[in-house]
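Data block below; observations after.
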Amino acid sequence: MATLSEAYTETPLHLQHIIPIDFDSVKEVPESHSWPRSGDESPRRILSLDGDHFSLPAIDLDSPDAIKMVGHACKVMGIFQVTNHGIPSSLLREVESQAWQFFSLPAIAKVRAVRSPGGATGYGVARMTPFFNKFMWHEGFTMMGSPLEHAREVWPHGYGKFCEAMEDYQDKMKALSERLLAMILKYLGISEHDIDWPRLRSNPCSALQLNSYPQCPDPGQVMGLAPHTDTFFLTILHQKDSAHGLQFHREGRGWVPVFPMDGALVVNVGDMLHIMSNAMFPSVVHRVITNEKRHRLSMGYFYGPPMDFRVGPIHRLMQTSGQEVAARFRSITVKDYVQMKAKNLDKALSMIRIR
Ligand SMILES: C=C1C[C@]23C[C@@]1(O)CC[C@H]2[C@@]12CCC[C@@](C)(C(=O)O1)[C@H]2[C@@H]3C(=O)O
Ligand SMILES: O=C(O)CCC(=O)C(=O)O
Ligand SMILES: [Fe+2]
């Protein structure tokens with residue numbers, strides 16, 4: 001069966017710029033990284049916070065109402081926070097510390113772990129970079145399972161702790177993703193008979209992405225991560241301490257900041273859950289802005305179905321109270337959707353939309 005990395009090898013080569021600039025050596029923002037200062041997409045454009053403090057709901061996963069609250073948050077916002085998620089804080093600290101050690105290395109050392117052209121894992125700019133005419137103030141490190149192959153290039157004699165922490169984190173994130181997905185399906189009234197649940201869980205596509213947003217001399221000019229939706233079912237994000245930067249887009253309100261909450265993880269709906277829920281759950285558009293004083297780190301875990309799984313609106317959802325609801329998307333294999341997204345980014349969803 002094809003793997004997620006194999007799906008990416010078909011991304012056209014001209015869509016690949018890979019190595020980030022050496023942020024330590026730049027004293028002012030180069031033209032290549034300077035985004036328009038005005039307009040909706042400007043990094044400066046945010047929700048006016050005066051008198052309008054908005055905080056993302058934090059759901060206690062151990063609460064008896066957790067299923068209802070998770071489902072409701074998926075429906076109205078497509079993004080929420082969770083507490084009592086079962087990820088030990090010691091592991092979160094260890095992953096932060098390992099990520100920090102990696103991104104603090106000189107550029108020449110990080111490049112030893114660079115993502116190969118057509119590859120999916122390793123160090124580099126965000127995959128979506130070629131869709132924008134400016135670069136982002138960001139560097140990332142992507143893993144799908146063990147990061148050994150890259151880590152031993154960076155630390156030939158000391159890669160053990162990095163690999164151990166990243167593998168343990170991915171195992172625990174996978175379990176949490178399964179738990180959240182099960183809650184979401186339960187909320188939707190979907191049983192194991194309505195969906196091939198064992199196969200869905202058998203060989204999921206997943207990735208861990210470490211994100212680094214170095215401090216920037218002029219944050220209003222740069223974009224940490226440009227607006228996008230995530231491809232898979234859901235993303236679980238951990239933000240290191242209090243440096244904020246993540247914003248999501250809300251119709252009629254603009255860009256809403258997500259302030260990190262100690263001990264909470266951010267969960268957002270991705271395209272595949274949007275498709276399977278027949279657009280009941282929005283695949284939330286989000287972006288990241290940077291800080292002048294703080295270097296920000298985040299870790300995103302992406303969880304989706306196996307590569308050969310067909311995603312489409314769940315049939316059961318289209319038969320509510322005896323009435324047939326029309327499917328809003330055609331079904332597509334995960335592999336084809338990943339490739340479509342790699343070639344078309346935000347146009348991919350509309351390419352499979354029926355109505
Ligand atoms: C599994 C993945 C999702 C992702 C591409 C990737 O292979 C690993 C990194 C992910 C990320 C993070 C930044 C935004 C994004 C659009 C990108 O360019 O790389 C997402 C990708 C995605 O969800 O499609
Ligand atoms: O760094 C963040 O807060 C968000 C990262 C993100 O959107 C991603 O990795 O897809
Ligand atoms: Fe994202």
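In this text, all values refer to a predicted model and were calculated from it rather than measured experimentally. Counting convention: from 1, in listed order, for ligands and their atoms alike.
Electrostatic pairing of Asp196 and Arg310 does not count as a salt bridge here, judged by no charged N lying under 4.0 Å from a carboxylate O. A salt bridge is absent between Arg353 and Asp271: the closest approach of a Lys/Arg side-chain nitrogen to an acidic carboxylate oxygen does not fall below 4.0 angstrom. Salt bridge annotation for Arg93-Glu96: present, with a cationic side-chain nitrogen under 4.0 angstrom from a carboxylate oxygen.
Counted within 6.0 Å of CD1 on Ile354, heavy atoms from surrounding residues, nucleotides or ligands total more than 12; the atom is thus considered enclosed. For CG of Asp262, the number of neighbouring non-hydrogen atoms (other residues, nucleotides, ligands) closer than 6.0 Å is 12 at most. Atom CD of Glu164 has 12 or fewer heavy atoms from other residues, nucleotides or ligands within 6.0 Å. Heavy-atom contacts from other residues, nucleotides or ligands closer than 6.0 Å to NZ of Lys134 number more than 12. Crowding of Arg179 atom CZ: a count of heavy atoms from other residues, nucleotides or ligands under 6.0 Å exceeding 12.
Phe259 is not listed as a side-chain neighbour of Leu56, based on a closest heavy-atom distance of 4.5 Å or more. In this structure, the side chains of Ile236 and His85 stay at 4.5 Å or more apart for every pair of heavy atoms.
A donor-acceptor contact closer than 3.5 angstrom is absent between the side chains of Tyr301 and Gln170.
Within ligand 1, the atoms closer than 4.0 Å to a non-hydrogen atom of Ala207 are 1 (C), numbered from 1 in the order shown. Distances below 4.0 Å separate heavy atoms of Thr142 from the following atoms of ligand 1: 8 (C). Ligand 1 places these atoms under 4.0 Å from at least one heavy atom of Met144: 7 (O).
At a heavy-atom cutoff of 4.0 Å, ligand 1 is contacted by both the backbone and the side chain of Asp230. For Arg127, heavy-atom contacts with ligand 1 shorter than 4.0 Å involve the backbone as well as the side chain. Under 4.0 Å from ligand 1, heavy atoms of Met128 appear from its side chain as well as its backbone.
Checked against a 6.0 Å centroid threshold, the rings of His228 and His286 count as neighbours. Note: His72 and Phe80 fail the aromatic proximity criterion, with ring centroids not under 6.0 Å apart.
Distances shorter than 2.8 Å separate the Fe ion (ligand 3) from the protein N/O/S atoms His228 NE2, Asp230 OD1, His286 NE2.
Closer than 4.0 angstrom to ligand 2 lie heavy atoms from Asn211, Tyr213, Leu225, His228, Asp230, Leu237, Leu246, His286, Val288, Arg296, Ser298, Phe302.
For a threshold of 3.5 Å applied to N or O pairs, the pair formed by Leu225 and ligand 1 contains no separation below that value. Polar contact with ligand 1: present for Thr231 (N/O pair, distance under 3.5 Å).
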